[in-house]
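Below is one structure; the comments refer to it alone.
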Amino acid sequence: MTDKESQRGDPLVDFILAMIEDGSAVLPQEVAKAYFAERRKPKDPDDGWRRYMTPVKQQMGNMARKGLIELVRKRGDVVDPTDYRGVVRMRKPGGADEAFDFDDEDFDDES
């Protein structure tokens, strides 16, 4: 079994792969919010998505090191998954080297 095959089956990994399937690049915050929205219970607070930020970031790093995704900066530059800091997006490997249109609302200092 390859590393790529062993990662499949994890609900969060599958969710991330589905979000980038169309070639788009997504922020970890976007993944956490969407993942939470699918699992939200009536009593969950509006900011309940925050509890998924750490698992999303952990999977993001694992997936990038295994070649399932690429981590990219605002200008589309691929970053080293073993040594990065700051804001990155996830995309399919070999994605277009294009700049992203980051809106101020994409960034949340509390995440």
Can you confirm whether Arg91 sits close enough to Val78 that some side-chain heavy atom of one is under 4.5 Å from a side-chain heavy atom of the other? yes
Side-chain touch Val72/Val79, heavy atoms, less than 4.5 angstrom: no
How about Pro55 and Tyr35: do any of their side-chain heavy atoms sit closer than 4.5 Å? no
Val13/Asn62 under side-chain contact (heavy atoms from CB on, under 4.5 Å): CA gap, chis, key distance, verdict: CA-CA 10 Å; Val13 170; Asn62 291 336; over 6 Å; no
Nearest 0.5 Å, please: how far is NZ in Lys41 from CZ in Phe36? 9.5 Å
Rounded to the nearest 0.5 Å, what separates atom CE in Met63 from atom CD1 in Ile16? 4.5 Å
Non-hydrogen atoms of Met90 and Pro28 that approach each other most closely: CE-CA, 3.7 Å
Arg40 with Asp46: basic N within carboxylate O range, under 4.0 Å: yes
The residue among Met53, Met60, Met19, Lys57 that forms side chain to side chain contact (heavy atoms under 4.5 Å, CB included) with Val31 is Met19
Return the minimal non-hydrogen interatomic distance between Gly86 and Arg73, and the atom names on each side. C-NH1, 3.8 Å
Lys92 and Glu21: which non-hydrogen atoms are nearest, and at how many Å? NZ-O, 3.3 Å
Partners passing side-chain hydrogen bond (donor to acceptor under 3.5 Å, both in side chains) against Asp44 (at least two apart in sequence or in another chain): Arg51
Considering all heavy atoms of both residues, which atom of Leu12 and which atom of Asp10 are nearest to each other, and what is their separation? N-OD1, 2.8 Å
Reported CG-to-CG distance for the pair Asp77 and Leu71, which is rounded to 0.5 angstrom: 12.5 Å
Interatomic distance, Glu70 atom CD to Arg89 atom CZ [nearest 0.5 angstrom]: 14.5 Å
If you draw the axis of the six-membered ring of Tyr52, does the NZ or CZ of Arg50 fall within 45° of it and under 6.0 Å from the ring centre? no
